[in-house]
Amino acid sequence: MPSSPPPCRAIAAKHDRLFVVLRGPTRGWPLSADGLDEILDGVRRRTGLPKLKCHQLRHTCRTRLREAGMALEAVQAQAGHRSVESTRIYIHLANTWLVEQYLQASAAIDADRAES
């Protein structure tokens with residue numbers, strides 16, 4: 001018998017906002033800029049990163065999406081950029097990821113040669 005899906009933090013809302021308040025009397029309402037600042041203040045305290053900015057998270061998100069295999073054009077669309085060059089500015093690929101990509105491509109090339 002299949003197990004039930006894990007609990008979801010989704011909240012039924014009467015708006016189209018992606019980020020919502022998860023606790024308290026305004027649960028389910030759109031997250032405000034002040035609310036996001038409050039969350040970031042907590043993250044700064046817990047991580048010891050006093051200069052962490054919300055915009056840095058945008059860079060991290062785009063990088064992680066690309067490293068997870070999302071096509072650059074899809075990352076561009078998700079970010080709402082008109083130009084793929086703008087998207088490239090947000091992506092900071094780790095050397096380990098680049099090496100992994102090279103090794104995968106090299107193996108694919110070798111496999112093609114072996115079949116020929």
Side-chain angles (χ1 to χ4, degrees):
M1 180 178 222
S3 63
S4 60
C8 179
R9 294 181 75 175
I11 299 170
K14 296 179 181 177
H15 54 76
D16 62 352
R17 301 296 173 89
L18 179 61
F19 298 104
V20 298
V21 177
L22 295 177
R23 290 186 235 154
T26 59
R27 177 182 165 96
W29 291 11
L31 184 63
S32 67
D34 288 342
L36 181 58
D37 285 341
E38 186 178 323
I39 290 169
L40 281 175
D41 286 343
V43 170
R44 286 184 200 103
R45 282 191 307 276
R46 288 189 305 276
T47 63
L49 299 170
K51 296 182 180 181
L52 177 69
K53 303 284 186 210
C54 187
H55 189 76
Q56 291 167 308
L57 300 177
R58 187 169 167 87
H59 284 256
T60 300
C61 177
R62 305 302 173 249
T63 299
R64 296 292 307 238
L65 290 172
R66 183 65 193 105
E67 288 180 338
M70 191 174 195
L72 186 59
E73 296 82 4
V75 176
Q76 172 191 356
Q78 195 271 341
H81 293 153
R82 290 183 185 173
S83 164
V84 74
E85 295 307 317
S86 296
T87 306
R88 285 191 173 124
I89 292 168
Y90 280 83
I91 297 176
H92 312 284
L93 302 171
N95 286 338
T96 53
W97 184 84
L98 294 169
V99 168
E100 180 183 314
Q101 292 297 300
Y102 172 79
L103 293 174
Q104 287 177 5
S106 181
I109 291 168
D110 290 344
D112 284 346
R113 279 195 207 147
E115 291 177 8
S116 300

Could you pull out every donor-acceptor pair under 3.5 Å between side chains of residues 29-37 and any protein atom, sequence neighbours left out?
unit_1, atom_1, unit_2, atom_2, d
S32, OG, D34, N, 3.4
S32, OG, G35, N, 3.0

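- Residues that satisfy the side-chain contact (heavy atoms from CB on, under 4.5 Å) test with Q78, not counting sequence neighbours, are R62, L65, M70.
- Here T47 pairs with V43, L49 under the side-chain contact (heavy atoms from CB on, under 4.5 Å) rule; sequence neighbours left out.
- Within 6.0 Å of CZ in R64 there are 12 or fewer heavy atoms belonging to other residues, nucleotides or ligands.
- Under a 4.5 Å side-chain heavy-atom criterion applied to ILVMFWY residues, the cluster that includes V99 comprises Y102, L103 as well.
- For R27 (side chain) and L22 (main-chain N/O), a donor-acceptor pair under 3.5 Å exists by modelled atom type.
- What you find for C54 and L40 is that their closest heavy atoms are CB-CD1, 3.5 Å.
- The side-chain contact (heavy atoms from CB on, under 4.5 Å) search around N95 returns L98, not counting sequence neighbours.
- To the nearest 0.5 angstrom, K53 atom NZ is 13.5 Å from H59 atom NE2.
- Applying the ring pair (Phe, Tyr, Trp, His ring centres under 6.0 Å) rule to pairs touching residues 69-88 yields H81-Y90, sequence neighbours excluded.
- Sorted by first and then second residue, the pairs that involve residues 87-106 and meet salt bridge (Lys or Arg N to Asp or Glu O under 4.0 Å), not counting sequence neighbours, are E85-R88.
- L93 and I89 are members of different hydrophobic clusters when ILVMFWY side chains are connected at heavy-atom separations under 4.5 Å.
- Applying the side-chain contact (heavy atoms from CB on, under 4.5 Å) criterion to R45, with sequence neighbours excluded, gives D41.
- Here the SG atom belonging to C61 is positioned 10.0 Å from the CD1 atom belonging to I91, to the nearest 0.5 angstrom.
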